[in-house]
Novice: 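Mind looking over this structure? Questions follow.
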Amino acid sequence: MALPVSQEQPEQQEQPVAEEGPQPSRTAPAPGRRRAWWARTGLAALSGLALALAFPPFDVWPLSILAVAALALLTRGRTARHGAWLGFALGVPFFVLLLSWLRPVGWDATVGLSLIEALFLALMGAGTALTSKLRGWPLWGALLWVTQEWMRDRLPFGGFPWGRLAFANTASPLTPLAALGGAPLVTFAVAGSGTLLAWAALSAARARRTDTDLPWRTAVGAVGALALVLVGYAVPVPTSADDTVKVALVQGNVDRPGMDFLGRPMEVLDNHATATEKLAADVAAGRVAKPDVVIWPENASDLDPFTDPAARARIDEAVKAVGVPTLVGALVDGPDEQHVQNEGIVWDPATGPGASYTKQHPVPFGEYVPFRQELSKVISRLQRVARDFYPGTHNGVMQLGPARIGDVICFEVAYDEIVRDAVNQGGRVIVVQTNNATYNNTGQTEQQLAMSRLRAVEHGRAVLIAATSGVSAVIAPDGSVQQRTGEMEQAVLNAVVPLRDGRTLADRVGAGPEWVLALGGVLACAFAATGAVRRRRDGRGAAEGEREVQHAV
């Protein structure tokens, strides 16, 4: 990749500051500078709110492109410090609105997490401001959105991928790009469309202001932005089935959503067992076809069936009634008294429990408490997490009756590598066992459903979501939702879904595109920062030389 060219190069290079709209000079009165500063801050905050509206449950995906364009315009020609502030000003309202589903836990949790996540956008804002002084700045700005997500998906405590641009575009013309390079490529296309749109706007403004005839620059930017949006239509999404399987997804529901959704022991388990027995009665009466497999959600049993005889008997009773292998979500005792494991267990009607998958990525502060001894003293709510979840060490590929499934549990659907590994290791259909009962009717379930739609396209697999209280869904390999339940209802979804063996290009290249795009952003920042340091050093040297001449005279 060719290194970008600094603004110190030949005169024909564009001058970014000249392309901007009116801005206060360093000699302008202080009140004027303050007004301009607050105006930019306010526009950045409004852009953050607009970006949140691009995501479910609002789903106005074009706003994701406009928000990127707005940040590119606001940071154009700014200092790194000012760019960081603008990125932070965009990030805070964006995450507060996006993560408002955390309010059952507490608004302090929502705001605290939003501030942490917004720091990554502050870093991106600083980088965007730095690289805006380089040729090709729309490209570097788009790369930096991938860089920001690359960091945020991993840090801290294993990262929190919520709010990726790709997850606002799970049903847009850009979605098919996921089959080529996964979520990072979709993010890059969204960001590239936004930065090209910003370039087109700046070119049009400059042409009007200087009365020059440069319509081709505006046209190139606008056409380029549109081309990136529409290029997904040219990407084939494989959907042909090698085989099919009849599935039943059981949503047993909970009696009290919120922090105490589990209620009394056996309550949620009995709901799922009862719903399964109703399914068995419908099969016996000929009202529905007998499924090949049944899938229960995460936490369908809050009691360990390996140590609690009543829980084991109730599960066994329901599975024998329906008469087919059933994937049971259960909390299982960990390797010691301080830990518990979140598992999906294959339960056979004849032989009982068999293969199992343990959630690999427990949620920090929700399923385990980092620095428990210190933090529990000052945050009493953390004591509600009585035992830390012990992470699993292998993927969720298991044989469930005639289907080889790739199981992921709840928030794991947001992590590229966990889902990709399940597919690459032989999963023919993706199963998402989830429990969103704490967050029902907050928008969280819709956001997680959107992630599952992207995964279907990315991996060319049907995705089956089994949720305790909604939303359960059947998603085709092209990302379309074939069936879904509502929230807070007991329901069973019956469907015939494809089993596929082929892998998409995204499966084959893995994390390669993300690393290339993310490191491209890092290198652009490094080059821009080096150029800025050199210019400051040269400026100081010139000033000192002038003072020496004056002293000699």
Novice: Can you name the nearest heavy-atom pair linking Gly181 to Ala506, along with the distance?
Specialist: N-CB, 4.0 Å
Novice: side-chain contact (heavy atoms from CB on, under 4.5 Å), that's the test. Do Leu165 and Val68 meet it? Break it down for me.
Specialist: CA-CA 10 Å; Leu165 292 180; Val68 171; 3.9 Å; yes
Novice: Given side chain to side chain donor-acceptor pair (under 3.5 Å), test Ser469 with Asn440 step by step and report yes or no.
Specialist: CA-CA 8 Å; Ser469 54; Asn440 273 128; 2.5 Å; yes
Novice: Are side-chain heavy atoms of Met451 and Val432 found at a separation under 4.5 Å?
Specialist: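 They are not in side-chain contact.
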Novice: When rounded to the nearest 0.5 angstrom, what distance separates CD1 in Ile465 from CD in Gln483?
Specialist: 12.5 Å
Novice: Check for a donor-acceptor pair, side chain of Thr147 on one end and backbone N or O of Ala518 on the other, with a separation under 3.5 Å.
Specialist: yes
Novice: Indicate yes or no: at least one non-hydrogen side-chain atom of Leu43 is less than 4.5 angstrom from one of Leu74.
Specialist: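 With C-beta onward as the side chain, the pair touches.
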Novice: With a 3.5 Å cut-off and sequence neighbours excluded, list the donor-acceptor pairs that the side chains of residues 96-124 form with protein atoms.
Specialist:
from   : atom 1 : to     : atom 2 : distance (Å)
Ser100 : OG     : Leu97  : O      : 3.0
Trp101 : NE1    : Leu98  : O      : 3.3
Trp101 : NE1    : Gln447 : OE1    : 3.1
Arg103 : NH1    : Ser100 : O      : 2.9
Asp108 : OD1    : Arg381 : NH1    : 3.2
Asp108 : OD1    : Arg381 : NH2    : 3.2
Asp108 : OD2    : Arg381 : NH2    : 2.3
Ser114 : OG     : Phe95  : O      : 3.3
Ser114 : OG     : Val96  : N      : 3.2
Ser114 : OG     : Thr110 : O      : 2.7
Glu117 : OE1    : Arg152 : NH1    : 3.2

Novice: Can you check whether Val294 reaches Val250 side chain to side chain, under 4.5 Å on heavy atoms?
Specialist: yes
Novice: Between Pro402 and Leu499, what is the shortest heavy-atom contact and its length?
Specialist: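 Nearest heavy atoms, Pro402 then Leu499: O-CD1, 4.2 Å.
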Novice: For residues Gly252 and Asn271, report the shortest heavy-atom separation together with the two atoms involved.
Specialist: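 It is O-CB, 3.3 Å.
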Novice: Would you say the side-chain atoms of Arg453 pair up with the backbone N or O of Ser480, donor to acceptor, closer than 3.5 Å?
Specialist: no
Novice: Quick check on Tyr390: does its OH atom have over 12 non-hydrogen neighbours (other residues, nucleotides or ligands) under 6.0 Å away?
Specialist: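 Counting other residues, nucleotides and ligands, OH of Tyr390 stays at 12 neighbours or fewer.
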Novice: Is there a donor-acceptor contact under 3.5 Å from the side chain of Glu487 to the main chain of Glu489?
Specialist: no
Novice: Taking only Lys NZ, Arg NE, NH1 and NH2, and the carboxylate oxygens of Asp or Glu, determine whether Arg420 and Glu514 approach each other closer than 4.0 Å.
Specialist: no
Novice: Is Gln251 reaching over with its side chain to a backbone N or O of Gly470, donor-acceptor style, under 3.5 angstrom?
Specialist: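 Yes: the side chain of Gln251 pairs with the backbone of Gly470.
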Novice: Please determine whether a side-chain nitrogen of the Lys or Arg among Asp501 and Arg404 lies less than 4.0 Å from a carboxylate oxygen of the Asp or Glu.
Specialist: no
Novice: Please evaluate residues Glu343 and Val332 with respect to the criterion side-chain contact (heavy atoms from CB on, under 4.5 Å), reporting the C-alpha separation (whole Å), side-chain torsions for both, the decisive distance (0.1 Å), and the verdict.
Specialist: CA-CA 7 Å; Glu343 291 193 352; Val332 176; 3.6 Å; yes
Novice: Keeping Ser47 on the side-chain end and Ala70 on the backbone end, is there a donor-acceptor pair under 3.5 Å?
Specialist: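 Checking the backbone N and O of Ala70 against the side chain of Ser47, no donor-acceptor pair under 3.5 Å is found.
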Novice: Rounded to the nearest 0.5 Å, how far apart are CG of Leu177 and CZ of Phe188?
Specialist: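 Spacing of CG (Leu177) from CZ (Phe188) equals 10.5 Å.
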Novice: Leu63 and Ile65: side-chain contact (heavy atoms from CB on, under 4.5 Å), yes or no, with the steps?
Specialist: CA-CA 5 Å; Leu63 290 177; Ile65 296 174; over 6 Å; no
Novice: Measure the shortest side-chain to side-chain distance between Phe160 and Leu155 over non-hydrogen atoms and say whether it is less than 4.5 angstrom.
Specialist: no
Novice: Starting at CG of Asp407, measure out to CD of Glu412 and round the result to the nearest 0.5 Å.
Specialist: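 Reported value, rounded in 0.5 Å steps: 8.0 Å.
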Novice: With a 4.5 Å limit on heavy-atom distance, are the side chains of Val419 and Ile430 in contact?
Specialist: yes
Novice: With rounding to the nearest 0.5 angstrom, report the OG1 to CD1 distance, Thr434 to Ile409.
Specialist: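 It is 9.5 Å, given to the nearest 0.5 Å.
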Novice: Compare all side-chain heavy atoms of Phe157 with those of Val363 and state whether any distance is below 4.5 angstrom.
Specialist: no
Novice: So which atom in Trp61 and which in Asn169 form the shortest heavy-atom distance, rounded to 0.1 Å?
Specialist: CE3-OD1, 3.4 Å
Novice: State, to 0.1 Å, how close Ala467 and Pro297 come at their nearest heavy-atom pair, and which atoms those are.
Specialist: C-CB, 3.4 Å
Novice: Can you list the residues that meet the salt bridge (charged side-chain N to carboxylate O under 4.0 Å, His left out) rule with Arg484, with sequence neighbours excluded?
Specialist: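 Result, salt bridge (charged side-chain N to carboxylate O under 4.0 Å, His left out) vs Arg484: Glu446.
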Novice: Examine distances only and state if a side-chain atom of Thr195 and a backbone atom of Pro138 form a donor-acceptor pair shorter than 3.5 Å.
Specialist: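 A pair under 3.5 Å: yes.
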Novice: Please work out whether the ring planes of Trp515 and Trp150 are parallel, tilted or perpendicular, with thresholds of 30° and 60°.
Specialist: perpendicular
Novice: Measure the CG-CG distance between Asp421 and Asn395 for me, rounded to the nearest 0.5 Å.
Specialist: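 So the CG of Asp421 and the CG of Asn395 are separated by 4.5 Å.
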Novice: If only atom types and distance count, is the side chain of Glu367 paired as donor or acceptor with the main-chain N or O of Asp388 below 3.5 Å?
Specialist: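 No, Glu367 side chain to Asp388 backbone: no donor-acceptor pair under 3.5 Å.
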Novice: Using 0.5 Å steps for rounding, measure from the CG atom of Asn436 to the SG atom of Cys410.
Specialist: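 Here the interatomic distance stands at 5.0 Å.
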Novice: Check whether any side-chain heavy atom of Leu185 sits under 4.5 Å from a side-chain heavy atom of Pro513, and report yes or no.
Specialist: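 They are not in contact (no side-chain heavy atoms under 4.5 Å apart), so the answer is no.
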Novice: I would like to know whether Asn299 and Leu331 meet side-chain contact (heavy atoms from CB on, under 4.5 Å); could you show each step before the answer?
Specialist: CA-CA 6 Å; Asn299 300 158; Leu331 295 179; 3.3 Å; yes
Novice: Run the numbers on Asn342 and Glu298 for side chain to side chain donor-acceptor pair (under 3.5 Å), then give the verdict.
Specialist: CA-CA 8 Å; Asn342 191 350; Glu298 174 191 27; 2.6 Å; yes
Novice: Measure from the side-chain N and O atoms of His459 to the backbone N and O of Asp507, and report whether any donor-acceptor pair falls under 3.5 Å.
Specialist: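 Answer holds: no.
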Novice: Check this for me, if you would: do Asp153 and Arg164 make a salt bridge, where the nitrogen-to-carboxylate-oxygen distance has to be below 4.0 angstrom?
Specialist: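 A salt bridge links Asp153 with Arg164.
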Novice: Taking Thr75's backbone N and O only, do any of them form a donor-acceptor pair with Thr128's side chain (distance below 3.5 Å, no angle check)?
Specialist: no
Novice: Can you tell if the side chain of Val408 reaches within under 4.5 Å of the side chain of Lys359, non-hydrogen atoms only?
Specialist: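 Val408 vs Lys359: side chains apart.
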Novice: Hey, which of Phe411, Phe55, Phe167, Tyr415 is the one that makes ring-ring contact (aromatic ring centres under 6.0 Å, His included) with Trp162?
Specialist: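 Result for ring-ring contact (aromatic ring centres under 6.0 Å, His included) with Trp162: Phe411.
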Novice: Could you tell me whether the side chain of Arg500 and the main chain of Ser240 form a donor-acceptor pair under 3.5 Å?
Specialist: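 Indeed, once roles are kept as given, a pair shorter than 3.5 Å links the two residues.
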Novice: Where do Thr175 and Val186 come nearest, in terms of heavy atoms and distance?
Specialist: O-CG2, 4.2 Å
